[in-house]
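One-based numbering along the sequence shown.
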Amino acid sequence: MINEPTSSPLFVCGIIGDSTAMVLNKCLTGPFKNRYDLVTAPVTTRATLSESVSQIAQLQTGLKTIISKQLGTIQLTIPALAALELPTSLINIYYLLEPVGGQLLTKRPAYTEAVSDGAVRVPLTELTWANSSPRVMQAKRFLQTGAFPTAEQRLDGYEVASDRSLKSSVDISVATL
């Protein structure tokens with residue numbers, strides 16, 4: 001029998017977007033608090049990877065999606081996560097998703113607890129290191145260039161869990177992306 005860790009560093013991530021904009025979550029908690037993030041779920045043995053990413057996309061955005069393709073896996077090392085007592089390495093499996101139905105969930109229902117305040121379609125030009133998770137910045141690069149490098153990335157300058165709003169700006173210097 002396989003015992004799953006309570007805090008897995010392995011995640012499936014869904015990219016819903018094109019060369020101009022992406023559908024993202026507005027995070028309320030966690031390491032990407034007050035930033036945009038991709039639809040993301042921890043990997044478990046209770047569902048396949050494709051089931052997990054499709055289910056979380058519908059739950060977090062309201063959109064029904066199909067998988068266009070799996071893009072690859074990237075290990076991100078974010079030393080600042082240690083301050084939150086979280087694993088400093090996140091292993092993300094990225095999927096390109098295509099919406100096929102549903103309606104964008106722009107506000108979470110008041111009767112639910114959630115890590116997201118709803119989903120929003122954001123122009124790629126408005127996504128920065130100050131208002132987005134590293135996963136979003138990886139997805140932005142893919143949507144703009146078609147390139148999906150899978151080299152491990154260490155993000156020493158990334159700051160987490162501040163109380164600033166999604167629209168504020170902070171200079172974050174990351175040479176790897």
Same cluster for F142 and I66 if Ile/Leu/Val/Met/Phe/Trp/Tyr side chains link at under 4.5 Å?
no

Given side chains that start at C-beta, do those of I67 and L96 come closer than 4.5 Å, heavy atoms only?
no

Would you indicate whether the side-chain heavy atoms of S54 and K64 approach each other to under 4.5 Å?
no

Close side-chain approach of L81 and Y158, heavy atoms under 4.5 Å:
no

With sequence neighbours left out, the residues meeting side-chain contact (heavy atoms from CB on, under 4.5 Å) with A47 are E51, S52

Is the shortest heavy-atom distance from the side chain of P9 to the side chain of Q75 under 4.5 Å?
no

Over all heavy atoms of both residues, which pair between G14 and L38 is shortest? Give the atoms and the distance, please.
O-CB, 3.7 Å

By side-chain contact (heavy atoms from CB on, under 4.5 Å), T73 pairs with (sequence neighbours left out) I91, I93

Take L124 and Q144, measure what side chain to side chain contact (heavy atoms under 4.5 Å, CB included) needs, and give me the verdict at the end.
CA-CA 8 Å; L124 297 184; Q144 288 179 324; 3.7 Å; yes

Is the closest side-chain donor-acceptor distance between E98 and S68 under 3.5 Å?
no

How close do D156 and R154 get, heavy atom to heavy atom, and via which atoms?
OD1-NE, 2.8 Å

Can you measure from NZ (K26) to CG (N131) and round to the nearest 0.5 angstrom?
13.0 Å

Could you list the residues that satisfy side chain to side chain donor-acceptor pair (under 3.5 Å) with N92, not counting sequence neighbours?
R135

pair C13-Y95: side-chain heavy atoms closer than 4.5 Å
no

Quick one: OG on S89 to CG on L10, what's the gap to the nearest 0.5 Å?
12.0 Å

Validation row: L97, I15 side chains within 4.5 angstrom (heavy atoms):
no

Any side-chain heavy-atom pair from P134 and I78 closer than 4.5 angstrom?
yes

Looking only at heavy atoms, the pair that brings Q138 and P149 closest together is NE2-O, 3.4 Å

Using 4.0 Å as the upper bound for N to carboxylate O, is an ion pair formed by R35 and D37?
no

Distance check, rounded to the nearest 0.5 Å: Q55 atom CD versus S50 atom OG?
9.0 Å

Do the side chain of N25 and the main chain of T40 share a donor and acceptor less than 3.5 angstrom apart?
no

Mind checking side chain to side chain donor-acceptor pair (under 3.5 Å) for T61 and listing every partner two or more places apart, or none if nothing turns up?
none

Nearest 0.5 Å, please: how far is OH in Y94 from CG in L71?
9.5 Å

Distance-only donor-acceptor hits, side chain of residues 16-23, under 3.5 Å, sequence neighbours excluded:
unit_1 : atom_1 : unit_2 : atom_2 : d
D18    : OD1    : T20    : N      : 2.8
D18    : OD1    : T20    : OG1    : 2.7
D18    : OD1    : A21    : N      : 3.0
D18    : OD2    : R121   : NH2    : 3.1

With A151 via side-chain contact (heavy atoms from CB on, under 4.5 Å) - residues at least two apart:
none

Rounded to the nearest 0.5 angstrom, the CD-CD1 distance for E152 and I74 is 10.5 Å

Note, F11 side chain near V53 side chain (heavy atom, < 4.5 Å):
no

Any sub-3.5 Å donor-acceptor pair from K140's side-chain atoms to L127's backbone N or O?
yes

Please lay out, stage by stage, how M137 and S132 fare under the test side chain to side chain contact (heavy atoms under 4.5 Å, CB included).
CA-CA 7 Å; M137 297 309 287; S132 303; 3.9 Å; yes

On a heavy-atom basis, which atom in L105 and which in G62 lie closest, and how many Å separate them?
CB-N, 4.0 Å

